[in-house]
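What follows is a short report on a single structure.
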2 protein chains.
Amino acid sequence: MPDAAQFFDRIDRPARLPDGVASAIIDAIETRQLQPGDRLPTEMELARRFGVARTVVREAISLLRYDGIVQSRRGVGAFVADPAQKSTFRISPACFEKRKRIVQLLELRTGVQAGASALAAEMRTEAEMRDIRQTLAEVEAADRLGPAAALEQRVDSELLLYRRIAEASGNEYYVEVTRMIETTIQNNLRSAFLKNAANSEFGPQIMAEHHAVVDALIARDAEAARLATRSRFERAAHRLAARQDFL
Amino acid sequence: MPDAAQFFDRIDRPARLPDGVASAIIDAIETRQLQPGDRLPTEMELARRFGVARTVVREAISLLRYDGIVQSRRGVGAFVADPAQKSTFRISPACFEKRKRIVQLLELRTGVQAGASALAAEMRTEAEMRDIRQTLAEVEAADRLGPAAALEQRVDSELLLYRRIAEASGNEYYVEVTRMIETTIQNNLRSAFLKNAANSEFGPQIMAEHHAVVDALIARDAEAARLATRSRFERAAHRLAARQDFL
DNA sequence: GTCAAAACAGTTGTCTGACAACCAGACATA
DNA sequence: TATGTCTGGTTGTCAGACAACTGTTTTGAC
């Protein structure tokens with residue numbers, strides 16, 4: 001049932017207060033107003049300055065502490081930590097506003113996914129191989145329907161294919177990192193991906209790229225898998241970046 | 001001034017309440033007691049069950065929300081999110097209790113660092129190359145002092161060498177990921193690293209491994225850099241895992 | 001009986017005030 | 001000098017209240 005409502009995005013509600021406070025503090029740290037080792041103003045003082053309650057400030061600081069950006073000591077205060085102590089890898093949505101950052105993110109994705117493929121070539125079980133071939137068949141089926149048909153389905157089955165491959169590596173960290181990167185990209189660039197898929201990400205050449213990867217996995221050839229995966233994601237990134245409407 | 005106090009470690013203070021509550025909830029999610037889409041008990045109810053104040057529960061939930069593990073809607077409740085929505089990569093200290101997990105983490109480190117090296121071979125500037133050679137010289141100097149002397153210094157300069165290389169890639173995500181992985185490893189395995197460095201991580205062979213990497217960077221040979229880095233970290237991981245006292 | 005508006009109960013988000021635990025430094029004391 | 005004590009300040013936790021919001025139920029007009 002076609003519905004005009006699909007064109008209306010959610011209005012951006014005022015974000016949660018603690019998130020705002022947290023990013024304000026992060027901002028102060030990134031702009032060097034607050035340097036490693038410096039003490040943050042007291043929670044009372046911050047609450048006064050931001051015009052919020054202390055509970056809000058506390059929640060904000062607890063987020064930063066969770067990421068290892070600040071350390072707090074009871075009875076003393078909260079201190080900006082050594083940046084090397086950051087214990088989390090997180091991709092901020094703001095990064096998707098700069099073309100350069102997106103290209104770098106796609107580079108990282110290429111490298112990590114290629115590493116996962118290489119491992120998978122060595123570690124895969126027969127059952128996993130069956131799943132992978134099955135998923136590849138789904139990609140192929142969607143591809144045969146033409147560029148515009150089953151668009152989302154095609155993109156999703158492609159994503160699933162490479163997630164399956166990462167899982168076949170048997171390395172949970174690779175699984176987590178690739179999934180986290182993919183999730184972030186999809187959340188922020190989904191529309192560009194779809195447009196791209198409708199224009200250039202289909203047809204025999206693209207299918208040949210996928211096949212090269214899967215064939216290497218079948219042959220248990222780690223180096224070939226790495227190369228094929230690298231080549232596939234490099235080309236995909238290149239095609240995406242070449243689009244006129246890409247940022 | 002030798003001081004007996006050096007034998008006294010910090011006593012482990014009781015962790016913060018919100019952290020405990022958060023990991024209890026994460027536990028419930030990982031053991032499938034709470035499945036994606038399920039609603040968490042209300043904050044009141046959780047506070048009652050855990051025997052803490054609601055502010056503590058709120059702080060805990062805000063951490064999970066920050067990682068994309070739960071989503072909360074005012075007036076309704078907090079819900080376990082789709083695991084694919086997790087927006088962070090984080091290595092829990094608990095992972096260092098299982099040998100298998102550590103090996104996997106070292107695998108990831110190898111792959112990512114190799115990717116960074118390959119990029120660095122192409123993107124490095126002359127100034128960065130000078131810094132890298134300078135750092136390599138420091139490693140070499142520390143190495144010449146023998147296995148036991150300047151132990152920490154040698155390990156640290158090695159870490160610095162590969163951090164410099166990652167920075168020379170010009171890709172901030174590679175810098176962040178490698179640094180985050182390295183930080184976590186050092187925070188949890190520092191002592192093993194030091195013991196290992198005193199026993200096997202020194203001498204001409206190890207220096208040759210470093211030189212192979214740097215030479216590839218000088219030659220701007222991406223594939224050689226990838227291979228040399230991979231080889232260096234794979235061997236280091238192997239030597240570490242071969243130790244008797246390693247878990 | 002139908003349907004929309006209004007009231008309601010329940011939940012999260014924020015605010016306020018209080019007290020406990022803790023710390024650094026000043027001060028007193030031996 | 002070394003040790004104990006006090007004091008003000010800070011973070012950690014608690015308790016209670018209200019605001020904002022949601023899903024459901026009730027009410028009332030037709």
Side-chain angles (χ1 to χ4, degrees), chain A residues 5 8-25 28-29 34 37-81 85, chain B residues 1 3-5 8-26 28-29 34 37-81 85:
Chain A
F8 296 113
D9 284 345
R10 301 185 72 83
I11 66 169
D12 48 345
R13 298 257 292 282
R16 288 187 183 76
L17 255 24
D19 293 3
V21 172
S23 52
I25 297 175
I29 293 175
L34 251 41
D38 284 359
R39 213 192 78 177
L40 267 61
T42 69
E43 295 175 350
M44 260 330 191
E45 173 66 14
L46 286 173
R48 199 187 56 72
R49 281 202 229 170
F50 287 117
V52 299
R54 186 161 83 102
T55 48
V56 172
V57 173
R58 280 194 59 73
E59 210 165 287
I61 291 181
S62 86
L63 297 183
L64 304 190
R65 188 174 45 230
Y66 194 45
D67 273 5
I69 295 174
V70 309
Q71 277 184 312
S72 46
R73 290 164 50 202
R74 173 188 295 205
V76 185
F79 299 81
V80 179
Q85 284 304 307
Chain B
M1 59 184 95
D3 185 347
F8 295 113
D9 284 343
R10 305 184 72 83
I11 68 169
D12 49 344
R13 300 259 290 281
R16 288 187 182 76
L17 255 26
D19 293 3
V21 172
S23 52
I25 297 176
I26 288 179
I29 293 174
L34 281 155
D38 284 359
R39 214 192 78 177
L40 267 63
T42 69
E43 295 175 352
M44 268 316 200
E45 173 65 14
L46 286 174
R48 199 187 56 72
R49 282 202 227 170
F50 287 116
V52 299
R54 194 179 145 221
T55 48
V56 172
V57 172
R58 280 195 59 74
E59 210 165 288
I61 290 181
S62 85
L63 297 183
L64 304 190
R65 188 174 44 229
Y66 196 43
D67 272 5
I69 295 174
V70 308
Q71 276 184 313
S72 46
R73 291 163 48 202
R74 173 187 295 204
V76 184
F79 298 82
V80 179
Q85 284 304 308

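Here is how names work: the chains are called A, B, and so on, in the same order as the sequence lines, proteins then strands, and each is numbered from 1. Not measured: the values here are computed from a predicted model.
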May I ask you to test the B/I25-B/L40 pair for a side-chain heavy-atom distance under 4.5 Å? yes

Would you indicate whether the side-chain heavy atoms of A/Y66 and B/D67 approach each other to under 4.5 Å? yes

Say you draw a straight line from OG1 of B/T42 to CZ of B/R49; how long is it, rounded to the nearest 0.5 Å? 8.5 Å

Rounded to the nearest 0.5 Å, what separates atom CD1 in B/I26 from atom CG in B/D19? 9.5 Å

Protein-nucleotides 4-6 of chain C N/O pairs closer than 3.5 Å?
none

Using a 4.0 Å heavy-atom cut-off, write out nucleotides 9-20 of chain D from 5' to 3' as B (base contacted by protein), S (sugar-phosphate only) or - (no contact). BBBBBB--B--B

Answer whether the closest heavy-atom distance between the side chains of A/P18 and B/S62 falls below 4.5 Å. no

Dot-bracket notation for DNA chain D, counting Watson-Crick and G-U pairs under 3.5 Å, with | for partners on another strand: ||||||||||||||||||||||||||||||

With sequence neighbours excluded, what pairs up with B/S23 under the side-chain contact (heavy atoms from CB on, under 4.5 Å) test? none

Could you grab the distance from atom CG of A/L34 to atom CD1 of A/I69, nearest 0.5 Å is fine? 12.0 Å

Length of the line joining A/R48:CZ and C/dC15:C1', which is rounded to integer Å: 17 Å

Write down the distance between CD (B/Q71) and C1' (C/dT11), rounded to a whole number of angstrom. 16 Å

Test side-chain contact (heavy atoms from CB on, under 4.5 Å) applied to A/R48 - qualifying residues, sequence neighbours left out: A/E45

Starting at CZ of B/R16, measure out to CD of B/E59 and round the result to the nearest 0.5 Å. 9.0 Å

Across all chains, not counting sequence neighbours, the side-chain contact (heavy atoms from CB on, under 4.5 Å) partners of B/E43 are B/R54, B/V57, B/R58, B/I61

